[in-house]
Amino acid sequence: MTFSTLGLSAPILKAIAEKGYETPSPIQAEAIPAVLSGADVMAAAQTGTGKTAGFTLPILETLIGGPKVRANQARVLVLTPTRELAAQVAESIETYGKHLSLTSMVVFGGVKINPQMIKLRKGVDILVATPGRLLDLHGQNAIRFNQIEVLVLDEADRMLDMGFMPDIRRILSLMPKNCQNLMFSATFSKPIRALARTIVNQPVEISVAPPNATAAKVKQWVCPVDKKRKPAVLIKLIHNNNWGQVLVFTRTKHGANRLTRELEASHIMATAIHGNKSQGARTRALAEFKQGEVQVLVATDIAARGLDIDQLPHVVNFDLPNVAADYVHRIGRTGRAGAEGEAVSLVCADEFDELADIERLINQVLPREGMEGFDPLHVLPASNLSAKPARKKKPKKPNKGRRSNTDGQRRDASAAPKKKRPARRPKQGDSSGEGKRGVWPAKKSANKKSTNRSSESRRK
Ligand code: AMP
């Protein structure tokens with residue numbers, strides 16, 4: 001199959017050829033005709049499958065020769081959970097639409113709103129946005145939705161994880177009744193299906209590969225190591241193997257910063273990317289990494305979600321993720337579009353439960369390979385796929401107050417306790433009278449909830 005058989009016109013085919021794509025990926029082969037037919041689409045596909053082109057190409061096609069966009073309006077709205085993903089989708093639209101005279105724009109928070117408001121005055125054919133900033137712009141009358149023809153919800157599962165549900169509902173309520181709705185999600189868990197029922201109407205359902213399938217192309221292995229010695233092992237791995245471009249995942253922003261300093265002290269050019277960094281710093285870090293000026297990008301899960309870095313050869317899990325499905329997302333950064341990839345996880349004895357969860361999810365015991373001179377003092381127990389999952393500790397009750405997740409992004413208000421609790425009377429000697437500041441319970445301690453499809457398993 002070729003792109004020209006899919007019903008795309010010459011200017012788009014030219015851009016595809018210039019990008020170097022020869023054949024459509026499986027999701028593109030299914031999604032492009034479905035979107036062109038005007039149907040609603042619900043697609044299970046994660047990053048790395050070519051899903052972005054799967055919706056941007058047919059959307060560009062449908063916009064050709066359509067009505068002119070009016071002031072403060074858009075014809076297509078693409079919602080993404082993160083700023084990075086928004087920027088990347090916008091970049092794809094620019095790339096594939098470069099021989100067309102359509103306009104596109106990306107809006108997200110963390111940068112000034114005024115220039116966005118000014119730019120929107122003329123209207124824009126395709127608007128890519130994160131939910132919070134879009135609602136802010138709508139609140140200021142900078143954008144109206146009467147002319148929307150297509151709505152895309154990208155990485156819907158992540159939107160839910162990140163607490164965007166109330167924002168999404170609000171945005172949906174503002175959409176015209178007859179617009180075409182496309183929903184993409186790495187997994188189709190129960191909450192996602194429930195959301196889908198409110199968005200897509202008699203959708204064409206597309207599922208090209210279960211979430212765990214990309215893992216097959218990636219050489220995955222575990223390096224058992226004591227926690228304290230992880231930085232030294234990582235440095236040795238990078239030096240010994242001459243790794244040129246490495247994406248390293250840490251669990252926390254603080255951990256990302258600390259590791260970056262340690263790598264730099266060993267003369268490895270590294271930079272951190274996480275929710276505390278300004279948008280400018282994040283964009284710069286990503287650009288430097290893509291251009292090879294920075295050797296190691298240290299990222300937290302949310303910051304790294306959806307990063308499109310072509311043919312990334314190495315991913316390191318410096319810390320294992322708390323949510324097993326995030327492991328699959330992480331290693332989805334490597335072995336992309338047919339390229340070979342390698343993903344190594346530095347695992348200490350404390351992380352055995354997380355490792356066991358991951359191995360159960362991917363239904364595979366990961367091979368282990370220690371590093372000479374770094375044998376752990378605290379031994380990582382042997383894996384056993386048939387062992388029962390360890391019981392998770394009950395989450396601590398959160399205190400009151402606005403909460404943010406580990407990456408400093410907004411969290412679902414519905415996930416916070418609904419009942420207003422009476423103010424705690426200060427105990428004698430409790431000088432603050434407020435108790436400790438609320439910390440949202442870490443995902444690690446959340447209860448495990450599995451659905452009837454193993455590929456949909458996801459801890460909430
Ligand atoms: P995505 O899943 O949209 O994040 O795309 C993953 C990667 O695959 C990106 O780097 C794309 O540039 C690349 N890609 C998308 N479609 C194709 C294709 N048909 N052939 C080769 N590479 C592709």
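Order of appearance sets the numbers: ligands from 1, and atoms from 1 within every ligand.
- Close approach of ligand 1 to Ser25 (heavy-atom distance below 4.0 Å) involves ligand atoms 19 (N).
- Taking every heavy atom of Thr52 and a limit of under 4.0 angstrom, the matching atoms of ligand 1 come to 1 (P), 3 (O), 4 (O).
- Inclusion of Ala53 in the set of residues having an N or O under 3.5 Å from an N or O of ligand 1 is not warranted.
- At least one N or O atom of Thr23, backbone or side chain, sits closer than 3.5 Å to an N or O atom of ligand 1.
- Going from atom NZ of Lys236 over to atom CG of Asn241 covers 10.5 Å, rounded to the nearest 0.5 Å.
- In this structure, Gly38 and Gln180 approach most closely via the heavy-atom pair C-NE2, 3.2 Å.
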- prompt: Arg368 and Leu355: side-chain contact (heavy atoms from CB on, under 4.5 Å), yes or no, with the steps?
  reply: CA-CA 12 Å; Arg368 297 183 184 191; Leu355 177 64; 3.7 Å; yes
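- In this model, a donor atom of one side chain and an acceptor atom of the other lie less than 3.5 Å apart for Ser9 and Glu61.
- Contacts between Phe3 and ligand 1, counted as non-hydrogen atom pairs separated by less than 4.0 Å, involve the side chain only.
- Residue contacts with ligand 1: Glu22 is placed with no nitrogen or oxygen under 3.5 Å of a nitrogen or oxygen of the ligand (distance criterion only).
- Just one of Asp301, Thr250, Thr252, Asn257 meets the side-chain hydrogen bond (donor to acceptor under 3.5 Å, both in side chains) condition when paired with His274; it is Asn257.
- Here the CD-CG distance, from Gln116 to Asp136, works out to 9.5 Å after rounding to the nearest 0.5 Å.
- In this structure, Ile27 does not count as a contact residue of ligand 1, since none of its heavy atoms falls inside 4.0 Å of the ligand.
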